[in-house]
Amino acid sequence: MNNSVDPPASPAAKSVVITGVSSGIGWGTTKVLIGHGIRVFGSVRKQSDADRLSREFGSLYSPLILDVTDESAIRSAAAQVEERMEGRKLWGLVNNAGIAVPGPLLHQPIAQFRQQLEVNLVGHLAMIQAFAPSLGTDARFSGAPGRIVNISSVGGKIGPPFLGAYVAAKHALEGLSETLRREFLLYGIDVIIVGPGSVATPIWDKAETADLPQAGDYAEAMTRFKAYMIAEGRKGYPPERVGEVIWTALSSAKPAARYAVVPGKFMNWVLPRMLPSRLIDGLIGKQLGLTNRHAASVK
């Protein structure tokens, strides 16, 4: 796409706000929605990313420079979008921005744990509160109520080791979304969860060369876990596959409350949720070498 040849987006075009669009699922969703003629207000943290995406996606993409932990920047972006919408409601808000910093909970710095909750959970609610008027809580805006799509994860239902902060935030996001869906019945605003599994992005190449965090007794298990996650990540779905499911969540006349977008769905999603938790504990412990090293000394 090219800004010089694309016609300007019509104020009447359906419009969606997406957070974290510089790469991965956010980028893939932006590509899919623009392909369907949807105008995307996509958040990035760097001006260089805004410029790059504007060149790539053309006039249907409008950058928002913000960090989802910055309430002032979020409010400013919401005002900017309201002005651009010229009194019409948003079609959707996709809360995608997120981070995952691995490490055993026993040793993870509290500040690092708290930051992941701020980005992956609190930031989503801050976005919802700021954009709720444009989605339909304010009667001044015309059009049908919009929808909210919160990007959760397999980790929103299943808790692997060494991703505790991320898992805590995603589990909480699942509950937050369910409560919001029921509270927003008052306004006709639907709240839908999309829970991806592995997604193939360049992040796995970076992860391969990244240093492991200080893990104490967990060092060997962390090494095995890293190798497993990289291998699974490289076999994951392309970001556009998740984007197509998000398009379905936004456009379907009767969307599901939750979509699981998981490669190898039976083994990686269905079976782990069917089997007893203690059995899954044992399988993971055996795979990663998480055996009780003190057991022999207390017999």
Side-chain angles (χ1 to χ4, degrees), residues 1 16-36 40 42-57 61 63-68 94-103 115-116 119-121 123-124 149-158 160 162-163 165-167 169-170 173 193-213 222 225-250 259-265 267-269:
M1 297 182 184
V16 173
V17 172
I18 307 175
T19 60
V21 303
S22 63
S23 62
I25 292 172
W27 175 88
T29 303
T30 299
K31 179 180 177 182
V32 168
L33 294 189
I34 286 178
H36 285 284
V40 172
S43 86
V44 294
R45 290 182 297 165
K46 299 177 183 177
Q47 185 63 51
S48 58
D49 287 328
D51 295 340
R52 169 177 58 85
L53 294 173
S54 294
R55 291 191 299 269
E56 182 175 1
F57 291 127
Y61 172 72
L64 300 173
I65 309 295
L66 64 87
D67 187 309
V68 295
V94 180
N95 281 309
N96 165 72
I99 58 172
V101 183
Q115 176 68 6
Q116 293 183 74
V119 174
N120 297 330
L121 177 65
H124 290 5
V149 178
N150 288 331
I151 306 304
S152 183
S153 166
V154 166
K157 296 290 188 181
I158 301 170
F162 309 132
L163 289 174
Y166 179 81
V167 165
K170 293 301 186 182
L173 181 63
I193 298 168
V194 172
S198 298
V199 178
T201 72
I203 193 173
W204 302 113
D205 296 328
K206 297 178 182 178
E208 192 167 35
T209 58
D211 293 332
L212 288 170
M222 276 286 296
F225 180 73
K226 175 182 174 181
Y228 171 80
M229 289 298 294
I230 291 171
E232 288 297 304
R234 286 173 171 163
K235 294 185 294 186
Y237 286 141
E240 295 92 331
R241 174 74 175 268
V242 183
E244 290 288 358
V245 175
I246 293 169
W247 159 255
T248 298
L250 290 168
Y259 294 88
V261 196
V262 184
K265 194 170 184 177
M267 291 297 296
N268 294 326
W269 176 248

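Here the structure is a predicted model, which is why all the values come from computation and not from measurement.
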Query raised in the report: Between the side chains of Glu56 and Trp27, does any donor sit under 3.5 Å from an acceptor?
Result: yes
**Report entry** Heavy-atom pair of closest approach, residues Ala169 and Leu121
**Finding:** O-CD1, 4.1 Å
Requested in this report: For Lys235, check salt bridge (charged side-chain N to carboxylate O under 4.0 Å, His left out) against everything at least two apart and list the hits.
Outcome: Glu232
Query raised in the report: Can Phe57 and Val40 be said to form a side chain to side chain contact (heavy atoms under 4.5 Å, CB included), step by step?
Result: CA-CA 10 Å; Phe57 291 127; Val40 172; over 6 Å; no
Report summary line: Contacts of Tyr237 meeting side chain to side chain donor-acceptor pair (under 3.5 Å) (sequence neighbours excluded), chain-then-number -> Arg241
Report task. May I ask you to say whether Asp49 pairs ionically with Arg52, meaning some side-chain N is under 4.0 Å from a carboxylate O? Result -> yes
Requested in this report: Just jot down the salt bridge (charged side-chain N to carboxylate O under 4.0 Å, His left out) partners of Glu244, sequence neighbours excluded, or say none.
Outcome: none
Report summary line: By ring-ring contact (aromatic ring centres under 6.0 Å, His included), Phe162 pairs with (sequence neighbours left out) Tyr218, Phe225
Query raised in the report: Which pair of heavy atoms, one from Ala200 and one from Gly236, lies closest together, and at what distance?
Result: CB-O, 3.6 Å
Requested in this report: Could I get the full list of side chain to side chain contact (heavy atoms under 4.5 Å, CB included) partners for Ile65, not counting sequence neighbours?
Outcome: Val44, Gln47, Ala50
Report summary line: Paired with Ile18, the side-chain contact (heavy atoms from CB on, under 4.5 Å) test is passed by just one of Ile151, Leu64, Val94, Asn95, namely Val94
Requested in this report: Under the ring-ring contact (aromatic ring centres under 6.0 Å, His included) rule, collect the residues that match up with Trp247, sequence neighbours excluded.
Outcome: His36, Trp91
Query raised in the report: To the nearest 0.5 Å, what is the distance between OG (Ser198) and CZ (Arg234)?
Result: 12.5 Å
